[in-house]
Asks: 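Structure below; questions to follow.
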Amino acid sequence: MINVPGYKVGGILYSAEEIQEKVKELGRRISEDYKGRPLTVVGILKGSFVFMADLIREIDADVQLDFIAAASYGNKTESSGEIQIKKDMDITPAGKDILIVEDIIDSGNTLKYLRDIYLAGKNAKSVKIATLLSKPSRRKVDIEPDYNGFVIDDLFVVGYGLDYAQQYRQLPYIAWLEEENPEL
Ligand code: IMP
Ligand code: MG
């Protein structure tokens, strides 16, 4: 089992089955809203890749894929608000319906930057956001996903693409992470 020193998987928040049900529901809503129009789905690396892989198979439209890698300065669990693009989009957004796919929206800094600064002025036909998870109590900027799977409390979660120190991404479920000896 994966073991990051000092931490352990606390418990399962959403099982693989619950996640699949939710992803199907999101896929249905997206398919209805775009009414079969071709869609450019842009995943934010790396956390979104598992969710994105499942979501695109539930979308009933022609899908073009792209990826952006963005890094926010800060420590492992807290973002600073300063976003840096590590990998740009390959597809030109002009005239496209863009759906940004992210694992989790926390402070909102990453998605705010990508939608309102990075993609602004690139003449996309539309830009929407799909996230699997949202922690509204942590929001620092005014941004909400157009499609969100689960609203969660202020917990640090891992699995289904989400990491801590680059570990736990392959877990098929979403779990919360706990300190092993919080009293120490
Ligand atoms: P934001 O810019 O603060 O909204 O941060 C979003 C990014 O922080 C996500 O793409 C994740 O990489 C990371 N993140 C935020 N909360 C968690 C969590 O609970 N588990 C794992 N990664 C998280
Ligand atoms: Mg991420």
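These numbers come from a predicted model, not from an experiment. Just so you know, ligand 1 is whichever comes first in the structure, and atom 1 is the first atom listed for that ligand. Position 1 is the first residue of the sequence; numbering continues from there.
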Asks: I need the minimum non-hydrogen distance between Ile98 and Pro93, along with the two atoms involved.
Replies: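 Nearest pair, atom of Ile98 first, then Pro93: CD1-CB, 3.9 Å.
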
Asks: Measure Glu102 to ligand 1 on non-hydrogen atoms and call it side chain, backbone, both or neither using the 4.0 Å cut-off.
Replies: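 Near ligand 1, Glu102 shows its side chain, while the N, CA, C and O stay back.
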
Asks: According to a hydrophobic-cluster definition based on side-chain heavy atoms being under 4.5 Å apart (Ile, Leu, Val, Met, Phe, Trp, Tyr only), do Ile117 and Ile105 belong together?
Replies: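 Ile117 clusters together with Ile105.
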
Asks: Does Ile152 have a heavy atom less than 4.0 Å from any atom of ligand 1?
Replies: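 Outside the 4.0 Å threshold, so no.
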
Asks: Under 6.0 Å between the ring centres of Tyr14 and Tyr173?
Replies: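 Ring-ring flag for Tyr14/Tyr173: false, centres at least 6.0 Å apart.
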
Asks: Regarding atom 11 (C) of ligand 1: of the candidates Ile105, Leu162, Ile104, Ile83, which has the closest heavy atom?
Replies: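 Nearest option to atom 11 (C) of ligand 1, by heavy atoms: Ile104.
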
Asks: Under 4.0 Å, heavy-atom basis, I'd like to know which part of Lys135 is in contact with ligand 1: side chain, backbone, both or neither.
Replies: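 For Lys135, only side-chain atoms sit under 4.0 Å from ligand 1.
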
Asks: What part of Leu133, side chain, backbone, both or neither, has a heavy atom within less than 4.0 angstrom of ligand 1?
Replies: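 Neither; nothing of Leu133 gets under 4.0 Å from ligand 1.
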
Asks: In terms of atom number and element, which parts of ligand 1 are under 4.0 angstrom from non-hydrogen atoms of Thr110?
Replies: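 Those atoms are 1 (P), 2 (O), 5 (O), 6 (C).
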
Asks: Give me the one residue out of Lys140, Arg139, Arg138 that meets salt bridge (Lys or Arg N to Asp or Glu O under 4.0 Å) with Asp106.
Replies: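 Running salt bridge (Lys or Arg N to Asp or Glu O under 4.0 Å) over Lys140, Arg139, Arg138 with Asp106 returns exactly one hit, Arg138.
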
Asks: At a 4.0 Å threshold, what atoms of ligand 1 neighbour a non-hydrogen atom of Val157?
Replies: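 Reading through ligand 1 atom by atom, the close ones are 18 (C), 19 (O), 20 (N), 21 (C).
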
Asks: Could you tell me which atoms of ligand 1, counted from 1 in the order shown, lie closer than 4.0 angstrom to a heavy atom of Leu155?
Replies: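 Answer, ordered by atom number: 19 (O).
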
Asks: Does any N or O of ligand 1 fall below 3.5 Å from an N or O anywhere on Phe156, backbone included?
Replies: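 No, Phe156 has no N/O under 3.5 Å of an N/O on ligand 1.
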
Asks: Determine yes or no for a side-chain-to-main-chain donor-acceptor pair under 3.5 angstrom, with Ser107 supplying the side chain and Asn109 the backbone.
Replies: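 Here the side-chain-to-backbone pair exists.
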
Asks: Using the side chain to side chain contact (heavy atoms under 4.5 Å, CB included) rule, take Phe51 and Glu102 through it: C-alpha gap first, then chi angles, then the decisive distance, then the call.
Replies: CA-CA 8 Å; Phe51 172 45; Glu102 175 64 307; over 6 Å; no

Asks: Can you tell me if Gly108 has a non-hydrogen atom under 4.0 Å from ligand 1?
Replies: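 Yes; Gly108 lies near enough to ligand 1 that a heavy-atom distance drops under 4.0 Å.
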
Asks: Look at Lys8 together with Glu178 and state whether they make a salt bridge at an N to O cut-off of under 4.0 Å.
Replies: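 Looking at Glu178 together with Lys8, the answer is yes, because their closest N to O distance falls below 4.0 Å.
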
Asks: Go through ligand 1 atom by atom and flag the ones less than 4.0 Å from a non-hydrogen atom of Asn109.
Replies: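 Counting atoms of ligand 1 from 1, those under 4.0 Å from Asn109 are 2 (O), 4 (O).
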
Asks: Nearest 0.5 angstrom please: Leu133 CG to Ile152 CD1, how far?
Replies: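 Between Leu133 CG and Ile152 CD1, I get 5.0 Å after rounding to 0.5 Å.
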
